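Everything numeric in this text was worked out from a predicted model, so none of it was measured.
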Amino acid sequence: MSKSTRSSDAARVDRGDQADIQAVSRVSQILSLFEPATPEVTAVEVAERLGLNRTTAYRYCTSLVAAGLLERNAEGSYVPGGLLLQLGAFAIGHRSVINLAPRHMRALARATQTTVVLSLWGLTGPVVSRVEENISTVVVVSVRVGSHLPLDSAQSKVFLAYHADQLSMERLMANLSGQAREELRADVERVRAVGHCSAMSTPGVVAVGAPVFDEDGICATIAIVGPDNTLSMSDDAPELSVVVDTARALTHELGGHYRPDDLGRRAV
């Protein structure tokens with residue numbers, strides 16, 4: 001085989017690899033469109049939101065149906081398929097924190113008279129994975145499991161502060177506008193300094209969150225959520241200490257190291 005033939009074959013392989021990578025990226029983008037507020041999509045919506053032509057979007061959706069990742073309902077829209085649901089349940093079920101958290105969450109909900117939210121890191125931010133509501137109060141703040149939390153939420157800021165891949169976290173923040181980006185960076189630095197976060201990303205609703213660690217690092221965030229007239233954002237709020245104690249206890253049960261505890265040692 002001549003040198004030119006080998007070069008031509010290598011070029012074709014490279015182009016094939018690039019096409020495969022692009023296809024995987026497209027599939028990821030399509031599947032990322034699904035969330036509680038968007039339980040189904042049409043091929044036209046896929047095309048519009050991802051900047052594809054309609055023929056390409058339809059071809060991708062059809063291929064995903066054939067693979068079991070999507071299903072087509074009676075109205076002609078696409079919904080998550082059986083394989084996707086199976087993989088999601090498998091992935092969640094193998095997170096130890098999901099199995100250990102409920103007891104801690106119930107106790108925290110009773111102690112603070114609030115809704116408790118446990119989130120895991122998704123593709124580009126926290127995803128609500130378990131919720132424990134305290135129904136004994138007059139006003140109950142409800143959070144839907146599967147919700148993607150915005151970057152200015154308390155649990156997002158905690159993840160941004162402690163995530164192992166800080167380069168990816170910086171890229172996420174870099175997508176924001178100048179002032180919003182700098183404010184978020186300042187908030188994240190404060191989380192690193194104090195070990196927790198209080199925020200009001202939704203008007204009238206306060207969230208107080210702390211990190212949960214396993215042996216590999218941060219694996220979840222836990223937060224209490226309540227109306228701003230009953231839940232304080234102050235660092236000396238009694239509810240905050242209960243959240244932190246719960247995060248610490250869950251971390252120890254997971255065999256992790258609660259990194260905010262190092263703050264006091266460094267100050268000595």
Side-chain angles (χ1 to χ4, degrees), residues 9-99 101 117-131 142-151 153 155-156 159-160 163-165 167-176 216 218-221:
D9 289 343
R12 283 196 294 271
V13 170
D14 288 342
R15 287 195 296 270
D17 289 344
Q18 291 172 1
D20 290 343
I21 292 171
Q22 184 182 38
V24 171
S25 178
R26 291 293 191 206
V27 169
S28 174
Q29 290 173 336
I30 292 171
L31 297 181
S32 296
L33 296 177
F34 293 98
E35 56 180 345
T38 310
E40 59 184 52
V41 296
T42 65
V44 172
E45 290 170 336
V46 170
E48 291 175 349
R49 295 183 62 177
L50 298 184
L52 303 173
N53 66 59
R54 295 187 180 186
T55 300
T56 300
Y58 179 78
R59 188 171 67 248
Y60 269 108
C61 290
T62 301
S63 297
L64 290 174
V65 169
L69 292 170
L70 293 182
E71 293 177 2
R72 197 168 188 183
N73 61 23
E75 290 74 31
S77 297
Y78 297 94
V79 298
L83 179 58
L84 193 61
L85 298 176
Q86 177 181 320
L87 292 174
F90 177 81
I92 291 294
H94 278 68
R95 299 290 184 95
S96 297
V97 66
I98 293 294
N99 299 322
V117 178
L118 184 83
S119 296
L120 305 182
W121 186 258
L123 186 63
T124 57
V127 178
V128 175
S129 302
R130 189 175 182 89
V131 175
S142 181
V143 182
R144 288 182 294 183
V145 171
S147 298
H148 293 250
L149 300 179
L151 285 182
S153 68
Q155 294 187 76
S156 291
F159 264 117
L160 289 170
H163 199 286
D165 189 354
L167 180 59
S168 293
M169 299 302 101
E170 181 59 35
R171 287 172 179 163
L172 284 176
M173 290 188 285
N175 291 327
L176 300 176
D216 297 318
I218 187 170
C219 63
T221 53

| If every non-hydrogen atom of Ala43 is compared with every non-hydrogen atom of Ala57, which pair is closest and at what distance? | O-CB, 3.5 Å
| said: Test your reading of the model: is there a side-chain donor-acceptor pair from Ser156 to the backbone of Pro150, 3.5 Å cut-off? | reply: yes
| field | From Asp165 atom CG to Leu172 atom CG, the distance as rounded to the nearest 0.5 Å | value | 9.0 Å
| Taking side chain as C-beta onward, heavy atoms only, is Arg130 less than 4.5 Å from Val145? | no
| query | To the nearest 0.5 Å, how far apart are CH2 in Trp121 and CG in Leu160? | reply | 5.0 Å
| field | Beyond-backbone contact of Thr62 with Tyr78, side-chain heavy atoms, under 4.5 angstrom | value | yes
| message | Ignoring hydrogens, what is the shortest heavy-atom contact between Thr42 and Ser77? Give both atom names and the distance. | response | CG2-OG, 3.5 Å
| Is the shortest heavy-atom distance from the side chain of Leu151 to the side chain of Thr124 under 4.5 Å? | no
| Criterion side chain to side chain contact (heavy atoms under 4.5 Å, CB included) on Thr56 and Arg26, from CA distance to verdict | CA-CA 10 Å; Thr56 300; Arg26 291 293 191 206; over 6 Å; no
| said: Working to the nearest 0.5 angstrom, can you tell me the gap between Gln22 CD and Gln29 CD? | reply: 9.0 Å
| query | Taking all non-hydrogen atoms of both residues, which atom of Gly81 and which atom of Glu71 are closest, and how far apart? | reply | CA-CG, 3.6 Å
| task | Mind listing the closest non-hydrogen atom pair of Phe34 and Val79 along with its distance? | result | CE2-CA, 3.9 Å
| field | Within-4.5 Å side-chain heavy-atom neighbours: Val97 and Leu120 | value | yes
| From Ser63 OG over to Tyr58 OH, what is the distance, rounded to the nearest 0.5 angstrom? | 10.0 Å
| note | On a heavy-atom basis, the closest approach of Pro80 and Pro39 is CD-O, 3.7 Å
| query | Do Leu84 and Leu69 touch side chain to side chain, with heavy atoms closer than 4.5 Å? | reply | yes
| If you look at every heavy atom in Leu118 and Ala220, which pair is closest and at what distance? | CD1-CB, 4.0 Å
| message | Within this structure, what is the CD-CZ distance for the pair Glu45 and Arg54, rounded to the nearest 0.5 Å? | response | 10.5 Å
| query | Side chains of Arg49 and Thr38: does their closest heavy-atom pair fall under 4.5 Å? | reply | yes
| field | Rounded distance [0.5 Å steps], CG in Leu70 versus OH in Tyr60 | value | 13.0 Å
